[in-house]
Amino acid sequence: MKSTQLFTTLFLFAITFSFSQDLIQTQTLVESNFGLIYSFDRSDKTIQGTPYIIDDFTPARVSADQNKIFNLRYNAVSDQMEVQSDKNTIQAINRNIEGVTITFLKDNKTYQSLNYINEDGIAERGYFIHVNSPDSKVNLLLKESKKFIERQPAKSSYQETKPARFKKVDDVYYIILKNKTAQILPEKKKDILKLFPENSDKVASFIKSNKIKVSKREHLIKLVNYINTL
């Protein structure tokens, strides 16, 4: 058991170190060319939906420059926070700046750029919403996402061609422990207990006595808040 825990700790440390080496840290807050590669024809007017959580640019503050109001929108396909410049060109906030947070003024919705391990086990950096206090030792996060679905031609004369579209996919919960790298919160209770080996009995008892359902947001908040008291 100890050797397994040690391996996990060393593995996550290696990931965190790799991020610090591979991500280019720069003080440039807004990137004019952020290297976005589109897998679709942007001029195709038949595409349904958009890659954005909210289509319109909305006033927001960026923690790295609190004196300025930016017009931003979140591209949930490219995982970029797009900026509307004075010249109406599209730029992006540099998400590699450590600790950068973005708060939309209309609804006080706040995103933070963080290192994480995606569903395929690949190290990335992207935007998350804090579900509990970001100052907690264990953080519960939410990741919003959309995907692009290619045009699907009719297979027979009885079917219709389905146009290309952007589809909102289910939000995914992540958790940050001591290593500062976000990882997907397991969907099974027994796998959640493995994240807290020193307090697994207490966490298991809390889950049982409070009838915690890990599929419910309010239950997850309650669980993580309890874990932060241990």
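FYI, the numbering just counts along the sequence from 1.
- Counted within 6.0 Å of CD on Gln48, heavy atoms from surrounding residues, nucleotides or ligands total more than 12; the atom is thus considered enclosed.
- The shortest distance between side-chain heavy atoms of Val30 and Ile93 falls below 4.5 Å.
- Hydrophobic clustering (ILVMFWY, side-chain heavy atoms < 4.5 Å, transitive): Ile221 and Ile192 are in one cluster.
- Side-chain contact check for Arg95 versus Asp79: some heavy-atom pair is nearer than 4.5 Å.
- Rounding to the nearest 0.5 Å places CD of Glu218 at 10.0 Å from NZ of Lys213.
- Using a 4.0 Å cut-off between charged nitrogen and carboxylate oxygen, Glu124 and Lys143 do not count as a salt-bridge pair.
- Under a hydrophobic-cluster definition in which Ile, Leu, Val, Met, Phe, Trp and Tyr are linked whenever side-chain heavy atoms come within less than 4.5 Å, directly or via other members, Leu230 and Phe206 are assigned to the same cluster.
- The neighbour count for Asp170 CG, taken as heavy atoms of other residues, nucleotides or ligands under 6.0 Å away, does not exceed 12.
- A pairwise comparison of heavy atoms in Leu193 and Ser200 identifies CD2-O, 3.7 Å as the closest pair.
- In terms of heavy atoms, Gln112 sits closest to Gly99 at NE2-CA, 3.9 Å.
- Separation of atoms CZ (Phe57) and CG (Asn71) is listed at 8.0 Å; rounding is to 0.5 Å.
- Val172 and Val169 fall into different hydrophobic clusters, defined by Ile, Leu, Val, Met, Phe, Trp and Tyr side-chain heavy atoms under 4.5 Å apart, directly or through other members.
- Paired with Tyr173 under the rule side chain to side chain contact (heavy atoms under 4.5 Å, CB included), one option of Val214, Leu142, Leu141 passes, and it is Leu142.
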> When you look at Ile54 and Lys106, which way does the side-chain contact (heavy atoms from CB on, under 4.5 Å) test go after all the steps?
Replying inline: CA-CA 12 Å; Ile54 297 177; Lys106 184 177 181 179; over 6 Å; no
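- Atom CD1 of residue Ile176 and atom NZ of residue Lys137 lie 15.0 Å apart, to the nearest 0.5 angstrom.
- Side-chain atoms of Asp120 do not come within 3.5 Å of backbone N or O of Ile122 as any donor-acceptor pair.
- Between Phe148 and Ile47, some side-chain heavy-atom pair lies under the 4.5 Å cut-off.
- Within a 6.0 Å radius of NZ in Lys109, other residues, nucleotides and ligands contribute more than 12 heavy atoms.
- Distance check, rounded to the nearest 0.5 Å: CD of Gln91 to CD of Gln84 gives 10.5 Å.
- In plain terms, the two heavy atoms of Val100 and Asn94 that are nearest each other are CG1-O, 4.3 Å.
- In this structure a side-chain-to-backbone donor-acceptor pair under 3.5 Å is present from Arg61 to Gln66.
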>> Quick one, Ile90 with Arg73, criterion side-chain contact (heavy atoms from CB on, under 4.5 Å). Give me CA distance, side-chain angles, the key distance, then yes/no.
In response: CA-CA 10 Å; Ile90 305 301; Arg73 64 183 178 186; 4.2 Å; yes
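- Side chains of Phe70 and Leu29 form a contact here, defined as non-hydrogen atoms less than 4.5 Å apart.
- The shortest distance between side-chain heavy atoms of Leu220 and Val131 does not fall below 4.5 Å.
- You'll find the side chain of Tyr226 stays beyond 4.5 Å of the side chain of Asn199, heavy atoms only.
- In this structure, OG1 on Thr50 lies 4.0 Å from NZ on Lys146, to the nearest 0.5 angstrom.
- When every heavy atom of Glu144 is checked against every heavy atom of Ile53, the shortest pair comes out as OE1-CG1, 3.7 Å.
- With a 4.5 Å cut-off on side-chain heavy atoms, Ile102 and Ser63 do not count as touching.
- Expressed to the nearest 0.5 Å, how far NZ of Lys216 lies from NZ of Lys211 amounts to 11.5 Å.
- Residue Val138 comes nearest to Asn132 through the heavy atom pair O-ND2, 3.0 Å, listed as atom of the first residue, atom of the second, then distance.
- Atom NZ of Lys147 sits in a sparse spot, with 12 or fewer heavy atoms from other residues, nucleotides or ligands closer than 6.0 Å.
- In this structure, Tyr116 and Tyr174 have perpendicular ring planes: the angle between them is above 60°, well past the 30° mark.
- Considering only heavy atoms from C-beta on, Asn139 stays 4.5 Å or farther from Leu114 through its side chain.
- Hydrophobic clustering of Ile, Leu, Val, Met, Phe, Trp and Tyr side chains at less than 4.5 Å, counting indirect connections, keeps Ile69 apart from Met81.
- Using cut-offs of 30° and 60° on the angle between ring planes, the pair Tyr111 and Tyr74 is tilted.
- Shown here for Asp171 and Ser145, the closest heavy-atom pair between the two residues is OD1-N, 4.5 Å.
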